[in-house]
Participant: 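Sharing a structure here in structure tokens format.
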Amino acid sequence: GDGGNDGGSGGDEAGGTMVFGTSSDPVSMDGAYVSDGESLRVVRQLFETLVTTEPGGTEIVPLLAKEWESSEDGTSWTFTLQEGVKFHDGTDFNAEAVCANFDRWYNFKGVQQSASVSYYWQTVFSGYAKNEDPALGTSLYKDCQAQDGKAVINLTSASASFLSGLALASFSIASPEALTKYEADKVTGTGEEPRFEGTFGTQNPVGTGPFKLETYEPNNRLVLARFDDYWGDKSKLDKVIFKPIADGPARRQALEAGEIQGYDLVDPADLGALEGAGFQIVERPAFNVGYVGFNTAKKPFDNIKIRQAVAHALNRQALVTAKYPPGAEVAKQFMPPSLFGYASDVPEYEYSVEKAKALIAESGVANPTIEFWYPTGVSRPYMPDPVANFQAFSADLTAAGFTVVPKSAPWNPDYLNAVDTGGTGMRLLGWTGDFGDPDNFVGTFFRTKQTAWGPLEESIYTDLEAARQEPDEAKRTSLYEAANKKIMEFLPGVPYVHTKPALAFAKGVEGYVPSPVSIEDFSKVSLSS
Amino acid sequence: MSLSQGVEAVESADSSAAGPPEEAAGGLWRDAFRRLRHNPTAILGAALVTIFVLVAIFAPLLAPYDPKVADLSQIRPGDFPGPSREHLLGLDSQGRDELSRIIYGARYSLLIGVVSLAVGATLGVILGLIAGAFGGWVDSLVMRLVDIMLSIPGLLLAIGIAALLGRSLKSVMIAIAVVNVPVFARLLRGSMLAQRRSDYALAARSLGVTRSRIVLQHVFPNSLGPVIVQATLALATAIIDAAGLAFLGLGSPDPSIPEWGRMLAETNSLLATEPLLALWPGLAIVLSVLGFYLLGEALREALDPKLRR
Amino acid sequence: MSLLEIRDLKVHFPIKKGILLERTVGHVRAVDGVDLSVEKGRTLGVVGESGCGKSTLGRAVLQLEPITEGSVVFDGTDLSTLGARDLRAMRERMQMVFQDPLASLDPRQSVASVLAEPLRTHGHKGDHGKRVRELLDLVGLPSTAANRYPHEFSGGQRQRVGIARAIALSPELIIADEPVSALDVSIQAQVVNLLEELQERLGLTYVVIAHDLAVVRHISDDIAVMYLGAVVEVAPSDGLYDDPLHPYTRSLLSAIPIPDPEVEDSRERILLRGDIPSAAAPPPGCRFHTRCPWRQPTRCHDEVPLLREPEGVVGHTVACHWAEQVRSGELQPITSEVSLMVDAAPSGVSATAAD
Amino acid sequence: MLTFAVRRLLLLIPILLGLSILVFLFVRALPGGPETALLGERSTPERIAQVRAAYGLDRPVHEQYLSYMGKVVKLDFGTSIQTQRPVSEEIARRFKATLELTGAAILFAVLVGIPLGFVAGRRPQSWIDNLSTVGSLLGIAIPVFVLGYLLKYVFAIKLGWFETTGRQNVAISTEHPTGFFVLDGIITGDLPAAWDAFKHLVLPAIALGTIPLAIITRITRAAVQEVSNEDFVRTAEAKGMTKSVVTRRHILRNAMLPVVTIIGLQTGLLLSGAILTETVFAFGGLGSFMASSVFTRDFPVIQGGILFIAVVFVLVNLLVDISYGLFDPRVRNA
Amino acid sequence: MTRVQEQVDAIPGRGQGAAPLLEVRDLRVTFKSRGRRPVKAVDGVSLDVAPGATVGIVGESGSGKSVTSLAALGLLGKRGVEISGSVKFDGDDLLNMPEDELRAVRGKEIAMVFQDPMSSLNPVLTIGRQITEILERHRGLKGQDARDQAAELLLSVGIGDAVRRLKSFPHQLSGGMRQRVMIAMALACQPRLLIADEPTTALDVTISAQILELLRSLVVDSQTALVLITHDLGVVAGLCDQVHVMYSGRIVESAPRRALFANPQHPYTTGLLASVPRLDQPRGVPLLPIPGSPSDTLPWVDGCAFAPRCTRRVPESVGCPPALLPLEGSEPSHLVRCVNPVPEDHT
Ligand SMILES: Nc1ncnc2c1ncn2[C@@H]1O[C@H](COP(=O)(O)OP(=O)(O)OP(=O)(O)O)[C@@H](O)[C@H]1O
Ligand SMILES: Nc1ncnc2c1ncn2[C@@H]1O[C@H](COP(=O)(O)OP(=O)(O)OP(=O)(O)O)[C@@H](O)[C@H]1O
Ligand SMILES: [Mg+2]
Ligand SMILES: [Mg+2]
């Protein structure tokens, strides 16, 4: 195909335009309001965070902050900032701007405090200046001071995951002037409809990133152009265009037809054929886990024997071989092996129908019936085709003597809702890490009591909370190893896969560095013809 | 001239005019049926439909394997064993025998078609009957309701209903049924209005037959012709509609049910790598739909009053 | 007393128009003030051209059409005063034969069922099958016909079925609306003869509606000529052809072709100009004046002529102001050279054509 | 004709009222309800109560309905939950895509179907008639989405003639004064852009237009056959008119009458098909948006969208009835 | 499958002076459609029409009157129809004429008027257009000339306000006016032969009288030959020179009108005359119906088709079909096809 470069502005050799197929438009380009991958991908190109991860890894490296240090007790962090950085609107980036952004998030009100709006703030900082929902905890954030061109952020307590959390695109530093000018905080009235009236997130995102927004035609295209006053290495591409194509097979066909030069989340079934046709496959390091989750509050999952029987009944290896790309591995615990805290000696539940049957017999549950949920209308790195996973597991369970009642719902909102309200006895789900900390995996699942999982052994909660607060790296590692063992003994679910999600690119696309946490920079990409 | 002469004349005429015995007697439907038998289109359609129904009935005898038993061991991403001697149509993405699934699929597709049609047509006919029988404001009311239903695109209506009722085969059938309701209601009502104005209805009135009896005994049965034709066609579209709903992720929550529409919908991502897997259910749908359509069109012709002597 | 008495009968169909709520913007005066009576055992023929209201009149008599004004008295009972139940019971005594025998039979009913239906409806006990065979015999159909369906018969046979249905309940009055006009010429006579025969046998009273004057004259004792919803002349059948009084009747008679070259070549033909005016807007005064060759400058266009017995005639009524003068030849039809201008000037021009 | 049009438009009022009530109740009957859609993954009873209050969902349904209709009258349909933009804006933009698509589909169906049906009707039982019969039955029997993928595979990927997704090459920057991309290219004089938009339009239009094509072919064929046997055709033949005059002036013009009606009746079917076609071709139209709105419980969009579609539906049928008058003088003067 | 005909028919209408304008010989039309028995609609019809003559064809519904005329002009189409015999117009064989030439003859030399004036006019074209198109086609008139001529034609058939009427559509006219329009179209090119197929059957008596009068004055006076098809014996009685009576696809009797009515020889003709009531006769005369219905026929190969209904049926009626021949002692122009004809004094 030849479609991609037509009409691009670039005459210079290094330039050109890359069209990238996305599954949807960004919800907003205001990082503080979004948590979905498609939005964050765009935010990443327009904005920058204080720190980021090393390319292709999870180690924290400087970005807008040149360097940083924390106080002894870990509650005060001083960031030394890059100099000479300008926002797209020409205003200066400085410590005041950093503090303005943190204070903005901290002071979110009303609908802004909704978990679906400021999810990552809640994940990392728990609460706000004035919590409107009593369920929210005390905020980790205390205040921010601009001192001699440095930004000092004070926390209410120590947090081991604070720094890695700051690499999230949700904590992108935006131009305070633009935030005001384009009414980023104008979410109409408290108690009225949550209308994002301002145009900051839709038409006027102003950050310091290597690209600035050129045009955004929802549903058609989102065009980013090189920011020529960028403080670092300027983008090699003239433009990046994100083109929304919701349908998976349609994305693949668009790449084959040359209408796009790349797309994310390639269906494993397509990998071989695409590679054979000369397309480049780029794999992200495995940084996810797919699992079958139980709600231990529901029968028969309150019975450990039943949980174990399920674990033995599932032929995880067969599924992974048949349905996942080469390189995917069977998961043994709820976090990927590359992360510290991964325990080498957790209890394992090998595939054995006999054992499963024996355990069922031991459990005392006659003719165990399982409501088994799977989502529709979704494809996730850890389950590219939930229906296939469901069918394979469902057949395994039936073979072991379970009666399976199939249940399904559209991913958003019905399925997630059913999961969160504890309605799903057994479910297919998974998790992709946001940042390189075990707390982002096991902590998210099991540190607090959640309706979705039902009651776990109490010590799991306390152990994970202690591990999160532990500032010493080595101690943390062993605490998490111990926790992982405990979790796999209790068996709140059966993790079954860590997979390497793949992107596909046309020939000639170079320099795309896949990242386990999807912190991927389009400005490094170049096109050769 | 005497009356007896007339009788004689007619009787003599009878004997000379009588055609071959098979054409001598029979009602309207028998007459239509006779015409169908001479129509190659109808025969082809009927043959297809018969095969379809037989396969559905005798699926357990015909299918070489259990359509739900999966064997993932031979499956790799994007690579499923194709047709072989053991599996004539190959294996599907879960390692199940495709042929057995196609054979069992006839059952489910027929089930969806028949149930949704039966429900939709019955409701539609009842509505149409009410409107056609009472006329006046009842008619207006029913017809406005029909207008409302018709002004929503059918698939959208079906999506809405399936969403309302939750995922199940039942809600797919109800959704398709509901989409059919206004079509049948309007059809029957129109045809009843025409029949009500006919001379034989007037004749019945002049005999003192009560209105309800005229409507139920005369007008209604005579208005059913177009409804029956439409039913054949609706049966065909129900199968396609079910495929569309499956494509959009609505359907039975048990994905191992071998229903053609769903099988086809699920192969959309395999079209490039495993086109055969899309071909089989596609072919099955096309042939069965073709059967119903041919039959329906032939029936339409056979019942067309203009083509009647 | 007459069996049937029609008094000032009017049937107007509203013409509806309007954007959301329909308003009645006018009326089709299908039947507009008809007075007629029929004695028991006799036959009244009603003739007139298409659209003049014959069928509507017939249906209105049987209360199958809402009556706007006037009354229909059957055997002393004003039918409009009857409730639905009594009316249904009364239908046993008066029946109808329709023009299109195929359309008036339910295609899904066998002949036996068609004939048994009236019996069932009126709760007749006994052996319906026997009665059906009787009826078939009466109308000259073989008893094997009982199990057949309408579309399997010829037109004449179907009409026999229709007649059998009408006489099934042994009614006193039968209204036959164009009973033969849908039939082939060669079999019209079969049906006409059958009707006459049945009248004789069963003592029926007929109102026979037709546009074919020759047929009507043959079968009727009296004839009413209708024009645009009104009766313009009523006469004994013999009297009408011999002594037509109304200009319309005269033109009608002269227009009917006669299968005899001698007669055709010699007779005088009065050609009317133009078409029948719309029943929604009948002309004022005498309805016929727009086409009347005897039209006079006075009275015709502003005074409605009443049905009356002109001087010197008995038992023969006519609605024409100038009946006496026309009859005596005092007034002559306005003639001109054969003019085919038929729809321009309103003046009456006629042509006398002789071969 | 005018009063007829006005009358039909007034008839729209009860339909819309009834429809709005039904849709309103429907949305509130959906499992989970709108609040789930709003809150997404992390909802608590407190937050649900809060949102219900914010939306007035705790008030009696009839009150909610009245206040909703109060806004609708001012053309305020609320904000989409999916996209966080005003529903009216979303509908307007996407509808243009759908209109362009359905318009092209109908054009395709008419331009191919009428000549095909005509030839088939004039020569019954000929090979072209049999071909058109089999073809149109296949067209009806193939699900739209299958056809869509198939067309893309053959004509875009293998042959490279057309494009697979979207409405225009995203690298092309051009003005969109009307929102119909092909037309926009022509208006602004940017012919390459128009051509590119056309290449994007072809396949979806064919996929969507195939069922109407099949139906139009069948109807045209039947109508032509029927009209060919009409007395006035015999009259024209008896007048010694040339073959082309007989077919064009006498047969075709009369055969168009049922075809026009059928085109009107296709609107609903087209919008149904558009849901699937737009999904397969990422066309960004109203159909796929409405479908996804039902899935995501985007109730302001469901409510506003269905009202809007109903209006379009009635308007299209009105248009068809009016154009019917152009073809049939009997209707015009009625 | 047809048995060889042993007797040779006499030709009705022949021998009336000048060479015939239209010469139909042994015309046979068979309809064949799948799954049905073939229908012999016309079976060996021969007749002549002299220039300027008025010829009537009478018969009941289904007797083949229309098919005869349509077949002669090639208007039956080709599918499922078999036509044999010959039809010569002014010496040219119409049946074997190339399509284009035939189209040039139709409308120009031979015109037709059909039974139902509503369905015979194109409902979506103005009557002006329908008249001018024939003027364009055969007389090369265009635009205003054609319209002027069309208006004149309308005037000549008695439609006033012609210019305005040209803009009307058929549904805006009354039945009588429509039939006048049909006649205007037929006469637009001053044809030498006009075939009127039941031109007044659908009309009221008074209107029908107007139309017949119009035909008489326009056609007969202009020396256009007229073939008048009707089922009404009264109509032919007043208008035609020669009358052919058809029954079941054959001419069964053929005679000058006075001879026919004065002395009908075929039982069918007599039966027909006796079965319709006549205004000029006393009311009491009983009607003598023909028993049975027109569909009760014998196949011709087996004898006289009328035999099943015939009161004068003799054993010879069944068997070899009789030929159309003059009776001994009657005029040579009075032909009848009967083995047991009605004697002269039957009344
Ligand atoms: N239901 C109706 N609504 C409105 N107008 C009607 C109705 N029935 C009849 N008419 C009109 O009333 C007039 C008389 O109709 P009617 O059928 O009685 O005439 P007719 O004399 O029987 O004619 P024909 O000989 O054609 O049967 C006509 O103008 C007709 O159009
Ligand atoms: N297209 C056709 N296909 C088959 N049979 C036909 C066709 N046209 C006419 N016939 C048959 O041919 C016979 C003669 O028909 P035709 O129309 O000539 O009768 P007609 O004398 O004109 O009768 P009518 O008075 O009803 O017009 C009839 O039996 C008719 O059924
Ligand atoms: Mg009538
Ligand atoms: Mg005819």
Side-chain angles (χ1 to χ4, degrees), chain D residues 1 114 119-130 133 220-221 223-261 321-334, chain E residues 33-34 66 69-70 72-80 99-127 129-131 133-138 167-172 178 181-182 185-186 188-189 191 194-195 197 202:
Chain D
M1 205 79 239
I114 290 180
V119 174
R122 287 298 281 167
R123 294 189 211 128
Q125 313 302 335
S126 65
W127 66 268
I128 193 158
D129 178 31
N130 294 333
T133 304
T220 309
R221 173 182 180 273
V224 164
Q225 269 187 13
E226 194 167 321
V227 172
S228 296
N229 290 326
E230 292 279 356
D231 288 351
F232 61 80
V233 174
R234 196 183 53 191
T235 307
E237 294 278 2
K239 276 155 64 176
M241 295 291 106
T242 57
K243 198 161 187 157
S244 80
V245 169
V246 173
T247 50
R248 268 186 300 111
R249 199 179 290 157
H250 295 276
I251 296 178
L252 198 55
R253 277 192 65 166
N254 281 284
M256 279 307 89
L257 300 178
V259 178
V260 169
T261 316
D321 286 350
I322 288 175
S323 67
Y324 200 83
L326 293 182
F327 285 90
D328 192 347
R330 286 165 295 191
V331 174
R332 197 185 314 156
N333 300 308
Chain E
S33 69
R34 253 196 324 213
S66 302
S69 60
L70 293 176
L73 287 192
L75 290 176
L76 279 180
K78 292 181 194 74
R79 216 170 300 274
E99 176 85 20
D100 290 351
E101 284 177 42
L102 192 59
R103 282 178 191 277
V105 171
R106 290 203 296 252
K108 184 161 193 271
E109 306 280 344
I110 310 176
M112 286 194 84
V113 174
F114 296 105
Q115 169 172 355
D116 186 347
M118 180 71 241
S119 63
S120 297
L121 287 169
N122 187 336
V124 306
L125 297 181
T126 61
I127 61 165
R129 188 77 194 93
Q130 298 187 55
I131 300 175
E133 71 173 2
I134 192 170
L135 297 171
E136 268 171 31
R137 168 86 173 100
H138 295 299
K167 297 198 186 77
S168 310
F169 287 94
H171 71 276
Q172 295 166 316
R178 283 182 215 138
V181 171
M182 288 297 293
M185 285 189 334
C189 300
L194 174 66
I195 301 177
D197 187 356

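Lettering follows sequence order; numbering is per chain, from 1. We use all heavy atoms of the structure for the numbers below, so side chains are in, but hydrogens, waters and symmetry mates are not.
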Participant: Quick check on V233(D) against chain E: is it the side chain, the backbone, both or neither that has a heavy atom closer than 4.5 Å?
Facilitator: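 Looking at V233(D), nothing touches chain E.
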Participant: Report the distance from atom CD of Q130(E) to atom NE2 of H250(D), rounding to the nearest 0.5 Å.
Facilitator: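 Answer rounded to 0.5 Å: 6.5 Å.
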Participant: If I measure from the heavy atoms of chain E, does T242(D) come under 4.5 Å with its side chain, its backbone, both, or neither?
Facilitator: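 Both backbone and side chain of T242(D) come within 4.5 Å of chain E.
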Participant: Less than 4.5 Å apart, any side-chain heavy atom of V246(D) and any of R103(E)?
Facilitator: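 In short, these two side chains touch, coming nearer than 4.5 Å.
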Participant: Most heavy-atom pairs under 4.5 angstrom with chain E, which of R234(D), K243(D), E230(D)?
Facilitator: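 Going by pairs under 4.5 Å, I would pick R234(D).
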Participant: What are the two closest heavy atoms between G240(D) and R137(E), and how far apart are they?
Facilitator: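 G240(D) and R137(E) have their closest heavy atoms at O-NE, 2.5 Å.
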Participant: Determine, stepwise, if the pair N122(E) / R253(D) fulfils side-chain contact (heavy atoms from CB on, under 4.5 Å).
Facilitator: CA-CA 10 Å; N122(E) 187 336; R253(D) 277 192 65 166; 5.7 Å; no
Participant: Please check this pair: side chain of S120(E) against backbone of T235(D), looking for a donor-acceptor N/O pair closer than 3.5 Å.
Facilitator: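 Absent.
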Participant: Relative to chain D, which segment of Q115(E) carries a heavy atom at a distance below 4.5 Å: side chain, backbone, both, or neither?
Facilitator: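 No part of Q115(E) comes within 4.5 Å of chain D.
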Participant: Please state whether the side chain, the backbone, both or neither of I134(E) comes within less than 4.5 Å of a heavy atom of chain D.
Facilitator: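 When you check distances to chain D, atoms from both the backbone and side chain of I134(E) fall under 4.5 Å.
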Participant: Under 4.5 Å from any heavy atom of chain D, what part of L102(E) do you find: side chain, backbone, both or neither?
Facilitator: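 Contact with chain D involves no heavy atom of L102(E) at all.
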Participant: Given that the side chain runs from C-beta out, which part of M118(E) has a heavy atom under 4.5 Å from chain D: side chain, backbone, both or neither?
Facilitator: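 Contact with chain D is absent: no heavy atom of M118(E) under 4.5 Å.
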Participant: Is the shortest heavy-atom distance from the side chain of E133(E) to the side chain of R249(D) under 4.5 Å?
Facilitator: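 Yes, side chains in contact.
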Participant: For H138(E) and K239(D), indicate whether the former's side chain and the latter's backbone hold a donor-acceptor pair under 3.5 Å.
Facilitator: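 Present.
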